[in-house]
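Reading through the structure tokens given below for one structure.
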Number of protein chains: 4
Amino acid sequence: MDDWQCQITIQVRSTEIDVNGHVNNAKYLEYLEWGREEWFEQNRLDYDVLKREGIVTVVVHISANYHREAVQNDRLTIKSRLVSVGNTSLTMEQLIVNQRGDKVLDASLVIVTTNPDTHRKTRVPDVIRKCIHGAG
Amino acid sequence: MDDWQCQITIQVRSTEIDVNGHVNNAKYLEYLEWGREEWFEQNRLDYDVLKREGIVTVVVHISANYHREAVQNDRLTIKSRLVSVGNTSLTMEQLIVNQRGDKVLDASLVIVTTNPDTHRKTRVPDVIRKCIHGAG
Amino acid sequence: MDDWQCQITIQVRSTEIDVNGHVNNAKYLEYLEWGREEWFEQNRLDYDVLKREGIVTVVVHISANYHREAVQNDRLTIKSRLVSVGNTSLTMEQLIVNQRGDKVLDASLVIVTTNPDTHRKTRVPDVIRKCIHGAG
Amino acid sequence: MDDWQCQITIQVRSTEIDVNGHVNNAKYLEYLEWGREEWFEQNRLDYDVLKREGIVTVVVHISANYHREAVQNDRLTIKSRLVSVGNTSLTMEQLIVNQRGDKVLDASLVIVTTNPDTHRKTRVPDVIRKCIHGAG
């Protein structure tokens, strides 16, 4: 796990390959979401828990660097960590590596916490704050 | 068209909506690709032309800001322009607005031109250089 | 419109093409759903109306014949009609043709009406029954 | 494996869930394709082998029955078998069950073998014929 908090491994499937024979740039953002879902679940922060806390998380910024292509049957590991928490936003970093350890993609995301009724930004709850990388 | 070089309008379809009732963050990257495809075609730079020039284009960086959610039946306009060309890379900007004129997403992409056989970076051909925004 | 009740036309986009250079067999089922959504909306049977009638529609059977491949930029017309209504189910037929009038796919679907709370089958409401092809 | 020739198990991911909170009917056809890819690979019939045999396989008919919904994190097992071979076509059956053993979907597909250059139907090669269920 090195310096990451959470990881999942997935296999690239035939329908995830585009006409160029590799994973399309948009598909990686789905892989990243799968990795974040696991991070939230491992930290017992699934959708219902957050709703009880009065928040919904919304991605407001993604920055991604594509290093190497992925092809059918590749086994990709998606790694995630929470690196900082502001008043109403969090920053997560994610990395995708293939079965040979090559870096495929790295990304940084800004996520805001909003009130599900008013859709307004709301303070990041402590249940998330305590999950920051290196905390505790 | 204001200050953009190319635009397409699409309708958000039912299967493009996720469990939260809006377009998922990954789907927008597909919309952006649809917009860039149109840009390349309008500039007579489709896949076969580029191949004759000895290049394939590869996205190496995407930075996107999500401003507002989109829901089923929204009509989204995807606008594209080429803003700069380096030795072996180009930078494009894209904007998605909805039918009310609200900004939904803005993005900046870096695309490199590579040799399809060696996969090595190669100089951006003049057929692309002349398409830069404000040129001519 | 010939003998169909509703139709939409869509353009095949780059990310809807698979490694074989054509629309993947699964993607057509999304196109069919887009066509049915339009049929329901045209008949003022959208999700909220059905919910007030106390039902949710669920697809329980699809049979599809693939006649011809579709490629990027093809303009596909998806046609839909309701052909029969049973006690708790409806049968719809759909057809996809391309911009040259070639038949691309035809399909037949069985949809049941269920109670959203109990998930049990419930009688097809009259608001749907009156929409049957050739009625009125 | 009971009476099936091949199976894979996948986990339902967040972006595979639609606005109704379950796997959309089109997505299952992708799962089926993933299962067939594995069947072809296990039988050493991958794309390159078939190409050397002078054929490409094309799905011409799918019939699917949806028995039960699947939701995020469900673990679905996709089972596949070749049940009959005609002159230029094969019939495969597939079944999807969830982690509780519930039947989620069953399907029957007709696949034709075509010449990749002429796109005309061609005789099913013996390398496929010998893989029929119960053979040998």
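Labels below follow one simple rule: chain letters A, B, ... track the order of the sequence lines, proteins then strands, and each chain is numbered from 1. Predicted model, so just to flag it, every value in this text is computed and none were measured.
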Worksheet entry | Engaged part of B:Tyr47 at the chain A interface, taking heavy atoms whose separation is under 4.5 Å |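 Side chain only.
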Item to complete: Select one option (side chain, backbone, both, neither) describing which atoms of B:Glu30 are under 4.5 Å from chain A's heavy atoms.
Response: both
Worksheet item: Between B:Glu33, B:Glu69, B:Lys27, which shows the greatest number of heavy-atom pairs under 4.5 Å with chain A?
Response: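 Winner by heavy-atom pair count: B:Glu33.
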Worksheet item: When only pairs under 4.5 Å are counted, which of B:Leu32, B:Val59, B:Asn20, B:Val56 shares the most heavy-atom pairs with chain A?
Response: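 Looking at each option in turn, the highest pair count goes to B:Val59.
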Worksheet entry | ring pair (Phe, Tyr, Trp, His ring centres under 6.0 Å) contacts in which one or both residues fall within residues 56-110 of chain A, not counting sequence neighbours | A:Tyr28-A:Tyr66
Practice prompt. Pick whichever of A:Val60, A:Val110, A:Val58 has the most heavy-atom pairs under 4.5 Å with chain B.
Written response: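 Heavy-atom pair counts peak at A:Val60.
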Item to complete: Could you point out which residue of B:Ile62, B:Asn24, B:Asn25 forms a side chain to side chain contact (heavy atoms under 4.5 Å, CB included) with A:Leu29?
Response: B:Asn25
